[in-house]
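Data block below; observations after.
Every chain is numbered from 1, with letters handed out A, B, ... down the list of sequences.
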There are 2 protein chains.
Amino acid sequence: MTASDTSFDRDTSAGYLVNHMARLFARELEAGLKPLGIGIGMFPALLQLWEKDGRTQRELVTALDIEQPTLANTLTRMEKKGLITRKPDPEDGRAQRIHLTDRGRALQAEAEARATAVNTRALSGFSESEKDRFLKDIGRVIDAMKAPT
Amino acid sequence: MTASDTSFDRDTSAGYLVNHMARLFARELEAGLKPLGIGIGMFPALLQLWEKDGRTQRELVTALDIEQPTLANTLTRMEKKGLITRKPDPEDGRAQRIHLTDRGRALQAEAEARATAVNTRALSGFSESEKDRFLKDIGRVIDAMKAPT
DNA sequence: TGTAATTGCATAGCACGCTATATGAGTGCT
DNA sequence: AGCACTCATATAGCGTGCTATGCAATTACA
């Protein structure tokens, strides 16, 4: 028996491959967004706010499927960068409503273009139908993993 | 024009979906490995060492496609946990050879079983052929992104 | 109404990825 | 031999994810 007889096969491990792919996406998106002063953690939050401004942290946490402290920290960095402001919710003394600044709004077109460029390069070898199928497959995995154990 | 007319579609953004999927994998693998005292960053390094022990940091960095300081930090944590030792390379005074401890070796079967369980759950809705195709597609994306721009 | 449970957010602290930079050992060239 | 260059590793510092925990505001209910 050789060492490889007992070894886990990385090339057929979904988790291993997914992690590698995600790091490659993150590296490229980070490089694309850096000149705009946006970090990769801020981008999903910005997408939500560009779609609908003035949400609470709770609403964003649910939409993004990240933990609340993760978002709280990200929002603090975004506030320091001048992308958003936090305003007390007039109807709930516990809540903060998150609003884009003019600067935050102004970055939408350029940031989305750069993210699209990364996606395009990643799927450059895929036909339209292959791309659709691949994205649907990812959706199936996400659904399977979000289902209760 | 409504807000959504100008918004990026998250459900068809490969990067967005890949990031989400990778976080779900990471959460589950972390939960599975935590009782073994292994972090998710250590697991890929362990896979390499289980396959072939006594490699240099440089060799591991290349195999794992992570940056050298990332691995150096991970190895330091693994050393503190008693999973590996660093021994000076007798032939190159700059290099360290990384060796598994008995404890590091002993964790292989259980850790691989837990990682396999995560993969199985993630792809539970896939037929064998769908699974093969999906993993190949991920490989295609990885290749596309690793290609020089 | 008053107390307990829940909810929204912040903070502390850690893992793991990254870039930038330092240091010491090998290599190569004159 | 001496000097510059490259290579292997370490360290500093930061972003983004996580869990655990604390606090203040709201809600629920006896």
[atom1] of [X] versus [atom2] of [N]: gap in Å, rounded?
| X | N | atom1 | atom2 | result |
| --- | --- | --- | --- | --- |
| A:L64 | D:dC18 | CG | P | 11 Å |
| B:E28 | D:dG17 | CD | C1' | 16 Å |
| A:L75 | D:dG15 | CG | P | 15 Å |
| B:L24 | D:dG17 | CG | C1' | 13 Å |
| B:L33 | D:dC18 | CG | C1' | 15 Å |
| A:L60 | C:dA10 | CG | P | 12 Å |

Considering only nitrogen or oxygen atoms on both sides, find all protein atoms under 3.5 Å from nucleotides 16-19 of chain C and state each distance.
from, atom 1, to, atom 2, distance (Å)
C:dC16, OP1, B:I40, N, 2.7
C:dC16, OP1, B:G41, N, 2.7
C:dC16, OP2, B:R77, NE, 2.8
C:dC16, OP2, B:R77, NH2, 2.7
C:dC16, O5', B:R77, NH2, 3.4
C:dC18, OP1, A:R27, NE, 3.0
C:dC18, OP1, A:R27, NH2, 2.8
C:dC18, OP2, B:E67, N, 3.0
C:dC18, OP2, B:T70, OG1, 3.1

Next item on the list: Could you tell me whether A:T76 contacts a base, only the sugar-phosphate backbone, or nothing, with contacts defined as non-hydrogen atoms closer than 4.0 Å?
Entry: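 Contact class for A:T76: none.
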With side chains defined as the heavy atoms from C-beta onward, is the minimum distance between [X] and [Y] less than 4.5 Å?
| X | Y | value |
| --- | --- | --- |
| B:L46 | B:L100 | yes |
| B:D137 | A:E130 | no |
| A:R105 | A:D53 | yes |

Notebook entry, point to check: What residues in residues 78-101 of chain B put a non-hydrogen atom under 4.0 Å from any atom of DNA chain D?
Noted result: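 By residue number: B:R86, B:R94, B:A95, B:Q96.
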Note to self: One pair to check against salt bridge (Lys or Arg N to Asp or Glu O under 4.0 Å): A:D143 and A:R140. What are the steps and the verdict?
What the structure shows: CA-CA 5 Å; A:D143 289 344; A:R140 291 169 70 192; over 6 Å; no
Margin query: Checking A:D89 now: which residues fulfil side-chain hydrogen bond (donor to acceptor under 3.5 Å, both in side chains) with it, not counting sequence neighbours?
Written below: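 Per chain and number, A:D89 pairs via side-chain hydrogen bond (donor to acceptor under 3.5 Å, both in side chains) with A:R97.
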Checklist line | Pair B:D65 + A:R27: basic N to acidic O under 4.0 Å | finding: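 Yes, charged N to carboxylate O under 4.0 Å.
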Next item on the list: State which residue, out of A:I40, A:L33, A:V118, fulfils the side chain to side chain contact (heavy atoms under 4.5 Å, CB included) condition with A:E28.
Entry: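 By the side chain to side chain contact (heavy atoms under 4.5 Å, CB included) criterion, A:E28 pairs with just one of A:I40, A:L33, A:V118: A:V118.
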Notebook entry, point to check: Once the angle between the rings of B:F134 and B:F126 is folded into 0 to 90°, is it parallel (under 30°), tilted (30 to 60°) or perpendicular (over 60°)?
Noted result: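 The arrangement is tilted - the two ring planes meet at 30° to 60°.
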